[in-house]
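Residue numbers count from 1 along this sequence.
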Amino acid sequence: MTRLGAVSAMLVLAVAAVSVGPAVADDICAPRSIGVSDTTQFEGGFFVETMTFTVTSAGCAGGTVQYATGADPGGAMPMAEPGLDYTPVSGELSWAPGDTTNRTVVVDLVGDYAIEPDEVFTLELFNPVGLVLADPVGLGTIHNDDVTITPLGKPHCLESCVACRLSVITSEPAPVDLTIHFATQDGSATAESDYTGVSNGVLTIPAGTSAAELNIAVHDDQVAERDENFYVYLHAPSNGKITEDQVAMGIVDDD
C-alpha cells in the first residue's frame, strides 16, 4: 500500500504540473509565407525617381530571404538594362519570430530624355530560410514619360503692358505635372529698371495638358527710348528635353 500510494501521489503531481503549464499551441508560431508585388513608376528625367517593391508577409515564424534585381521576365515588353535604366540592388530581408510587418525594397531609376517604349525588370526572392515563397518574382514596369519642351516664337511686348508672356509647349500631354525652372538675364534691358528679374522661377505644365505660359513683369518708365530686350533661360525640367533653352524677350517702347 505504501508503494501504491507513493506512485499515485507522483501521478497526481505530474498531472498538476502539466495542467498549470502554458498551452502547447501558445508556443507554436505559424509558418511564414512571403511574396513580392508588381509595381510601376514613371521614368523621370532631371530628378531621380524610385520604384518600391513591397514584400508581403503572412504568418509569424522567423526567417530570412535574399533578393536581387534583373531576372528576365520574358514576354513581349523590352527588358530594362541595369545601370542604364535602373540601379541594380541585392540584399537580404529578415523577420524575427512574431514580427508581422511587410518589407520594402527601393530601386533608383535612371532617367533619360529618349522617347522609347515602356520597359520592365524584376525583383526576385530566393534562398529562403524558415520561410515559404508564395510569390518569388515581382515585375517592375518603367513607364516612358519623355517629352520635348519648346518655347514658342520670339515674344515681344509693349512697354506699357503689364507683362511679357512666353508660351511653352510639349510634344505630347504631360503624364504627370511637369515643372520647368527658368531665370532671366539682362540684354539691353536692365532688371528692376525695365523688367522684374527672376532668379529661380518655376513653370508648371499640369498633368494631361501640353502648354503653359510664364509672365515676366515689365516696367513702363514713360521715357522715349530704344526698344530693348532681355533673356529667359529654361532649365532643369522634371522630365523631358528642352529644345531651346534661351529665349530673347523684346520690350517695345511705346512712350
Among [options], which residue meets the side-chain contact (heavy atoms from CB on, under 4.5 Å) test with [X]?
{"X": "Phe121", "options": "Val107, Asp85, Thr141", "answer": "Val107"}
{"X": "Phe182", "options": "Val247, Val232, Val202, Leu166", "answer": "Val232"}
{"X": "Pro237", "options": "Ile149, Ile205, Val168, Asp245", "answer": "Ile149"}

Under the 3.5 angstrom rule, does the side chain of [X] hit a backbone N or O of [Y] as a donor-acceptor pair?
{"X": "Thr209", "Y": "Pro206", "result": "yes"}
{"X": "Ser171", "Y": "Thr148", "result": "yes"}
{"X": "His181", "Y": "Asn200", "result": "no"}
{"X": "Ser238", "Y": "Thr179", "result": "yes"}
{"X": "Thr184", "Y": "Gly197", "result": "no"}
{"X": "Arg32", "Y": "Leu131", "result": "no"}
{"X": "Asp177", "Y": "Ala207", "result": "yes"}
{"X": "Thr69", "Y": "Val89", "result": "yes"}

Step-by-step side chain to side chain contact (heavy atoms under 4.5 Å, CB included) determination, Val110 to Leu84: CA-CA 6 Å; Val110 180; Leu84 295 180; over 6 Å; no
Cluster link Met79 to Leu109, ILVMFWY, side chain under 4.5 Å: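 The answer is yes; both residues are in one hydrophobic cluster.
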With Ser210 via side-chain contact (heavy atoms from CB on, under 4.5 Å) - residues at least two apart: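 Applying side-chain contact (heavy atoms from CB on, under 4.5 Å) to Ser210 gives Thr170.
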Donor-acceptor pair between Ser188 and Asn229 side chains, under 3.5 angstrom: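 Yes, side-chain donor-acceptor contact under 3.5 Å.
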Exercise: do Thr150 and Thr243 side chains pair donor with acceptor under 3.5 Å: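 Yes, a side-chain donor-acceptor pair sits under 3.5 Å.
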Pairwise distance [atom1]([X]) to [atom2]([Y]) - rounded to 0.5 angstrom:
{"X": "Met249", "Y": "Gln185", "atom1": "CE", "atom2": "CD", "result": "14.0 Å"}
{"X": "Cys157", "Y": "Asn215", "atom1": "SG", "atom2": "CG", "result": "10.0 Å"}
{"X": "Leu123", "Y": "Tyr86", "atom1": "CG", "atom2": "OH", "result": "9.5 Å"}
{"X": "Leu203", "Y": "Leu234", "atom1": "CG", "atom2": "CG", "result": "8.0 Å"}
{"X": "Arg103", "Y": "Trp95", "atom1": "CZ", "atom2": "CH2", "result": "5.5 Å"}
{"X": "Ile216", "Y": "Thr196", "atom1": "CD1", "atom2": "OG1", "result": "8.5 Å"}

Nearest heavy-atom pair of [X] and [Y]: which atoms, and what distance?
{"X": "Ser199", "Y": "Ala183", "value": "O-CB, 3.5 Å"}
{"X": "Tyr233", "Y": "Gln246", "value": "OH-OE1, 2.9 Å"}
{"X": "Gly98", "Y": "Cys29", "value": "N-SG, 4.2 Å"}
{"X": "Thr52", "Y": "Thr39", "value": "O-OG1, 3.4 Å"}
{"X": "Ala189", "Y": "Ile251", "value": "CB-CD1, 4.1 Å"}
{"X": "Leu125", "Y": "Gly35", "value": "CD1-C, 4.3 Å"}

Exceeds 12 heavy-atom contacts within 6.0 angstrom, atom CZ of Phe126: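 Check passes, neighbour count above 12.
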Residue pair Glu49 / Phe42, side-chain heavy-atom distance below 4.5 Å: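 With C-beta onward as the side chain, the pair stays apart.
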